[in-house]
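Here's the structure we're looking at; comments come further down.
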There are 2 protein chains.
Amino acid sequence: MATMRDVAALAGVSAKTVSRVFNDDPHVRPETKERVDSALRELSYVPNTLATTFRSGRAPVIGVAVPDIADPFFGAIAKAIETLAAQHDMSVVITSLGDDGTREPRIVQSLLRQALSGLIIAPLSHDQSYLGSWTDRTPLVFVDRQPTGVLADSFTEDDHAGAHQATTHLVGHGHVRIGFVGDDASIPTTSGRLAGYRAALDEAGIEADDDLVALGAFDRASAAAACTALAGLADGPTALFSSNARATMSLVPLIRTGGLTVAGFGDFPMADMLTPAITVVDQDPAALGTLAAQRVLDRLAHPQRRYRRRTVLPVRLVERESCRSRAPRG
Amino acid sequence: MATMRDVAALAGVSAKTVSRVFNDDPHVRPETKERVDSALRELSYVPNTLATTFRSGRAPVIGVAVPDIADPFFGAIAKAIETLAAQHDMSVVITSLGDDGTREPRIVQSLLRQALSGLIIAPLSHDQSYLGSWTDRTPLVFVDRQPTGVLADSFTEDDHAGAHQATTHLVGHGHVRIGFVGDDASIPTTSGRLAGYRAALDEAGIEADDDLVALGAFDRASAAAACTALAGLADGPTALFSSNARATMSLVPLIRTGGLTVAGFGDFPMADMLTPAITVVDQDPAALGTLAAQRVLDRLAHPQRRYRRRTVLPVRLVERESCRSRAPRG
DNA sequence: TTGTAAGCGTTATCAC
DNA sequence: GTGATAACGCTTACAA
């Protein structure tokens with residue numbers, strides 16, 4: 001690993017001149033540049049990124065913290081971020097937050113210690129006030145979920161409208177007893193979707209029934225458990241609104257056997273190939289990722305400029321077979 | 001951001017003593033330690049990771065280079081790596097290689113410049129000789145795909161046996177005209193699976209017919225295109241072996257309409273919920289990721305120790321409906 | 001145009 | 001047990 005000093009020695013100049021040549025500083029005589037260039041080649045000089053980073057005080061790295069990288073939704077967000085970062089010669093450090101919100105602060109702060117150029121986070125916990133001291137040091141952008149307890153940019157999707165649209169769609173098919181299946185109402189996305197679901201019922205003149213709200217659906221087992229209560233009701237649901245893709249995927253075995261009508265928030269692989277194909281509210285994770293990464297880059301390039309803090313992307317209903325039949329007459 | 005010097009000044013000691021206290025060096029008098037500790041707390045000292053990293057010459061970071069982070073298979077690998085890395089206070093830098101093998105060297109080398117503690121790669125190109133100069137500097141571990149042109153550790157799955165097993169299974173159901181659908185035979189995994197497919201046919205006394213090998217299946221459109229040739233044959237296939245999960249997923253629309261029997265290499269979300277449910281060779285991406293990350297950590301901890309270069313994990317056939325019917329009588 | 005000096009924050013070395 | 005000094009590789013400020 002040749003250093004600039006090595007190159008300088010070989011070219012018979014100072015390290016500073018090597019630095020100038022390497023960084024295309026015009027204030028170098030052509031013949032000097034040539035000598036240095038050939039020395040650079042001869043030693044096949046590669047800059048020590050660590051040193052440059054240390055000197056500059058900021059790593060050319062964007063941090064990404066999401067609940068689960070293996071989830072196709074967050075994977076798509078991460079991929080979009082990485083693509084944009086690569087175009088700007090930046091790397092991406094990815095961290096999974098897991099499902100325990102209490103570990104979030106520790107994980108995220110250890111990320112931030114690395115003097116990142118920016119952090120993009122889809123938070124898990126219900127309080128990001130621990131980020132307060134970082135906001136003036138590192139551009140901070142929330143995706144998918146709004147921040148709580150801290151002022152920061154956010155790019156989210158219209159949870160309320162999407163849920164409203166899907167629920168209204170189910171109502172339009174004659175359903176009156178519509179269940180809500182989700183993970184955890186304290187997650188901002190889920191609570192927004194629950195509100196949209198309730199608003200749609202309300203507008204349709206249907207009284208919301210909390211017995212029809214089944215939470216705790218994280219995987220197939222817990223989804224089945226969450227639905228047991230619904231199944232036990234005297235006046236059970238004829239349709240379900242599922243509040244996220246993971247929950248919808250977990251519900252698929254139940255849908256197949258139970259013959260329920262379903263609409264879900266969030267598309268997922270093969271949703272259109274199932275029998276029945278699942279109607280979903282289509283999100284655009286790649287757009288979320290791209291916008292978030294672009295905001296980080298913008299904030300780095302123009303620290304003074306002002307930006308709209310909160311951006312909510314529209315969603316759209318993709319109707320598939322799972323909703324094409326009408327509700328059974330009650 | 002208080003530095004060690006600040007703490008030292010406050011505690012009335014030298015920076016080195018602060019360093020000793022902070023790093024639990026026992027050679028510090030208890031009363032000195034106490035003074036330093038309280039100064040550390042008072043200034044809420046946080047070490048500058050960049051400086052430590054620079055000093056040590058190696059970033060506590062494991063690089064991960066895969067064709068596509070958003071692919072559930074590689075997402076699962078990445079997640080497993082990240083989990084193990086986090087347990088060792090390391091971060092993970094993830095890069096997508098995309099689908100253009102010629103860009104791989106540039107992308108990977110810019111990763112390696114960051115003085116990583118290790119690199120885990122599922123390569124795209126057919127030649128990794130560009131990694132030769134890095135092997136004695138950075139632990140290098142291949143996952144899913146064998147290296148070419150460079151000596152390095154690898155953890156792969158048994159492509160040949162898996163394909164052999166699946167093809168034999170199809171043969172066992174009475175199929176004689178069995179097609180092979182895949183992406184690119186120059187990718188080592190695909191070529192290994194093609195070989196396993198051919199070997200199984202050979203053992204069954206079925207003559208391999210290259211007309212039945214359809215390559216270029218990357219997404220739904222290209223999969224459909226690749227199958228057009230098969231469909232045009234006078235004596236077309238009654239069953240297909242698909243060489244990877246992405247290809248299998250792309251084939252699903254065709255399977256549904258065409259009534260073909262299918263077995264695929266690689267499980268994927270919802271494969272068991274489709275109609276028909278798809279028989280697959282089950283891989284274990286999480287195991288690949290964990291083993292690879294563990295190897296990186298082992299090589300860091302014990303640079304002298306010798307390891308088995310090549311580890312091939314077994315795979316197992318998961319039989320589902322898509323193969324349960326017998327071939328139509330010819 | 002080129003070079004010198006200094007410093008980023010941490011830690012290894014070697015005195016005391 | 002503690003501290004002064006130097007060093008990691010690069011770049012900014014300033015001098016020549």
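What you see is a predicted model, and the numbers here were worked out from it, not measured in a lab. Below, chain A is the first sequence line, B the second, and so on; all start at residue 1.
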* To the nearest angstrom, how far is R58(B) atom CZ from dG9(D) atom P? -> 14 Å

* Asked: Is there a side-chain polar atom (N or O) of T17(B) under 4.0 Å from OP1 or OP2 of dG3(D)?
  -> yes

* Asked: If you take atom types as modelled and just measure distance, does the side chain of K16(B) reach the base of dA12(C) with a donor-acceptor pair under 3.5 Å?
  -> yes

* **Test item: side-chain donor near acceptor, S125(A) and D127(A), under 3.5 Å** => no

* What is the distance from CZ of R20(B) to C1' of dG3(D), rounded to the nearest Å? -> 7 Å

* Structure fact -> Here the distance between atom P of dC8(D) and atom CE of M1(A), to the nearest Å, is 15 Å

* To do: Would you classify T52(A) as touching base, sugar-phosphate or nothing, given that sugar-phosphate means primed atoms plus P, OP1 and OP2, and contacts are heavy atoms under 4.0 Å?
  => sugar-phosphate

* Roughly, in whole Å, what's the span from CZ in F54(A) to P in dT11(C)? -> 11 Å

* With respect to the phosphate group of dG9(D), does any side-chain polar atom (N or O) of T3(A) fall under 4.0 Å of OP1 or OP2? -> no

* Should R29(B) be listed as having a side-chain N or O under 4.0 Å from OP1 or OP2 of dT2(D)? -> yes

* **Base dG9(C) to side chain R55(A), donor-acceptor N/O within 3.5 Å cut-off** => no

* Taking five pairs at each end of the helix from dT1(C)-dA16(D) to dC16(C)-dG1(D), what angle separates the two helix axes (nearest 10°)? -> 50°

* Asked: Within the structure, does a side-chain N or O atom of S56(A) lie under 4.0 Å from either OP1 or OP2 of dC10(D)?
  -> no

* Find the distance F22(B):CZ to dT10(C):C1' and express it as a whole number of Å. => 11 Å

* To do: Determine, stepwise, if the pair F22(B) / Y45(B) fulfils ring pair (Phe, Tyr, Trp, His ring centres under 6.0 Å).
  => CA-CA 10 Å; F22(B) 193 79; Y45(B) 170 77; 5.1 Å; yes

* **Closest contact, heavy atoms only, M90(A) versus I62(A)** => SD-CG1, 3.8 Å

* Hey, which of these two, V28(B) or A51(B), hits DNA chain D nearer its 5' end, going by closest nucleotide? -> V28(B)

* Validation row: S154(B), V143(B) side chains within 4.5 angstrom (heavy atoms) -> no

* Nearest-Å distance for atom pair CD/C1', residues Q114(A) and dG9(C) -> 16 Å

* To do: Output the single nucleotide from dA4(D), dT11(C), dG3(C) whose closest atom is nearest the side chain of S14(A).
  => dG3(C)

* Asked: How close or far is atom P of dG3(C) from atom CZ of R5(A), stated in whole angstroms?
  -> 14 Å

* Nearest to the side chain of T32(A) - dT2(C), dG3(C), dT11(C)? -> dT2(C)

* Asked: Nearest-Å distance, CG (L40(A)) to P (dC10(D))?
  -> 11 Å

* Asked: Is any side-chain nitrogen or oxygen of N48(A) closer than 4.0 Å to OP1 or OP2 of dC8(D)?
  -> no

* Indicate whether OP1 or OP2 belonging to dT10(C) is found under 4.0 Å from a side-chain N or O atom of Y45(B). => yes

* Structure fact -> Heavy-atom nearest pair, L97(B) first then R103(B), reads O-NH2, 4.3 Å

* For S96(A) and I69(A), work out which heavy atoms get closest and say how close. => OG-CG1, 2.9 Å

* To do: Tell me, yes or no, whether the heavy-atom count around Q109(A) atom CD, taken from other residues, nucleotides or ligands under 6.0 Å, exceeds 12.
  => yes

* Donor + acceptor pair across side chains of T49(B), Q114(A) (<3.5 Å) -> no

